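These numbers were taken from a predicted model, which means no experiment stands behind them.
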Amino acid sequence: PLQHIADNVLKSMRRGTTHAKTDKLLAAMREKVPGIAIRTTLIVGYPGETEADFDELLDWVRTQRFERLGVFTYSHEENTHAFALEDDVPAEVKMARQQAVMEVQREISLERNEALIGQTLPNTALLAFISLGTAVLLGVPLGLYSALRAGSAADRAITVLSTVGMATPSFFSAIVVAWLFAYVLHDWTGLPLTGSLRELDDYGNAVRWEWSHLILPALTLAVRPVGV
């Protein structure tokens, strides 16, 4: 979590970074991994956070346009470095700042989602079938070549590779098959493959239970014996 962007707040938090360094890091990530989805959380109402600090944070959120963003209000907790600081931002101000950031993020999320309308996104089921097809196209010729050149160096090499492959623990194969099955279901159903059962609401506070996150992992475990 990036938590904040104002230099004086980052220093008080002992984050070991600055506004400029954070921008440079994010720019490098996006340059090296085009299309990367960045998710982070922020804290508003930290002791000493001024209106100028918050305005800087809000402008930065507008500039960075994160794919996913959560915002927490600062909580004064014992046994933390910040507990020695004065909790000087009123609760109502913390909530107002949190809601302001989330309103900006909602607009960004809506714009990002609308930009995807009409686009064709990668289909993991198609990729899975391509992978299987590639394995067959490679395996069959290698097997025929090995049979035709019995006793040759190539035959011995193929035999060694086959033996290593067959020696792979069955549970590994089961996991591969199960996850392949899960990815296909993910494409058809839109259900998440992974994720915590406990999620924060849009304001980053209340915890809700998302039982739908159990469906695909449960089916994945159920289909593992097929892989064996």
Side-chain angles (χ1 to χ4, degrees), residues 1-46 49-50 52-75 80-82 94-127 179 182-183 186-187 189-210 212-213 216-217:
L2 295 172
Q3 295 196 345
H4 215 282
I5 199 59
D7 285 343
N8 61 303
V9 177
L10 290 171
K11 183 177 181 180
S12 179
M13 288 179 170
R14 297 183 174 184
R15 296 294 293 172
T17 189
T18 63
H19 188 149
K21 288 181 180 179
T22 301
D23 281 349
K24 185 177 180 180
L25 173 64
L26 292 171
M29 291 169 61
R30 289 184 168 125
E31 180 182 356
K32 291 183 180 296
V33 188
I36 187 174
I38 300 178
R39 176 178 181 176
T40 191
T41 54
L42 304 174
I43 294 177
V44 294
Y46 187 83
E49 182 189 57
T50 65
D53 295 331
F54 175 70
D55 289 342
E56 181 180 354
L57 179 67
L58 197 60
D59 289 341
W60 181 70
V61 170
R62 292 191 182 100
T63 300
Q64 290 295 334
R65 296 178 62 81
F66 292 104
E67 282 71 19
R68 294 289 299 273
L69 182 72
V71 184
F72 296 89
T73 56
Y74 171 77
S75 178
T80 63
H81 165 70
K94 293 178 184 178
M95 289 299 300
R97 291 177 179 178
Q98 180 192 52
Q99 292 172 10
V101 175
M102 290 309 303
E103 182 58 36
V104 169
Q105 182 60 33
R106 272 192 291 271
E107 294 173 3
I108 292 171
S109 297
L110 178 61
E111 291 170 3
R112 284 188 172 279
N113 289 337
E114 288 178 339
L116 294 175
I117 296 176
Q119 292 190 28
T120 301
L121 302 177
N123 188 299
T124 53
L126 178 61
L127 293 176
W179 275 107
Y183 271 111
H186 171 67
D187 274 340
T189 65
L191 290 170
L193 280 173
T194 58
S196 172
L197 287 177
R198 301 177 65 199
E199 281 195 349
L200 298 175
D201 63 16
D202 291 337
Y203 293 102
N205 279 332
V207 173
R208 63 191 178 201
W209 292 87
E210 291 292 345
S212 63
H213 288 190
L216 281 190

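- Summarising the geometry of I108 relative to V61, their closest heavy-atom pair is CD1-O, 3.5 Å, with the distance given to 0.1 Å.
- Using a 4.5 Å heavy-atom threshold, the side chains of L58 and R97 count as separate.
- Side chain of D7 to backbone of T18: no donor-acceptor contact under 3.5 angstrom is found.
- With contacts defined as side-chain heavy-atom distances shorter than 4.5 Å, the pair Q64/R30 qualifies.
- Using a 4.5 Å heavy-atom threshold, the side chains of M102 and R106 count as touching.
- With contacts defined as side-chain heavy-atom distances shorter than 4.5 Å, the pair L69/V101 qualifies.
- The closest donor-acceptor contact from the side chain of D53 to the backbone of T50 lies under 3.5 Å.
- In this structure, the side chains of I38 and M29 come closer than 4.5 Å at one or more pairs of heavy atoms.
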Q) Run the side chain to side chain contact (heavy atoms under 4.5 Å, CB included) check on E56 and H19 step by step: do they pass? A) CA-CA 10 Å; E56 181 180 354; H19 188 149; 2.6 Å; yes
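- Side-chain contact between I5 and D59 is absent, with no heavy-atom pair separated by less than 4.5 Å.
- Between Y46 and A82, the shortest heavy-atom distance links the atoms OH-CB, 3.5 Å.
- Between R39 and E67 the shortest side-chain heavy-atom distance does not fall below 4.5 Å.
- Between V9 and I43 the shortest side-chain heavy-atom distance does not fall below 4.5 Å.
- Put simply, the side chain of R112 gets close to the backbone of R65: a donor and an acceptor are under 3.5 Å apart.
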Q: Apply the test salt bridge (Lys or Arg N to Asp or Glu O under 4.0 Å) to residues E49 and K94: give CA-CA distance (whole Å), side-chain angles for both, the deciding distance (0.1 Å), then the verdict.
A: CA-CA 10 Å; E49 182 189 57; K94 293 178 184 178; over 6 Å; no
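- Distance check: Q3 CD to M13 CE gives 5.0 Å after rounding to the nearest 0.5 Å.
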Q: Might you work through the side chain to side chain contact (heavy atoms under 4.5 Å, CB included) test for F72 and L42, ending with a clear yes or no?
A: CA-CA 6 Å; F72 296 89; L42 304 174; over 6 Å; no
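- Distance alone, capped at 3.5 Å, places no donor-acceptor pair between the T41 side chain and the G70 backbone.
- A centroid separation of less than 6.0 Å is found between the aromatic rings of W60 and F66.
- Between the CG atom of L10 and the OG1 atom of T22 there is a distance of 6.0 Å, given to the nearest 0.5 Å.
- Looking at Q98, its side chain does come within 3.5 Å of a backbone N or O of V71 through a donor-acceptor pair.
- Closest approach of A100 and F54 over heavy atoms only: CB-CZ, 3.9 Å.
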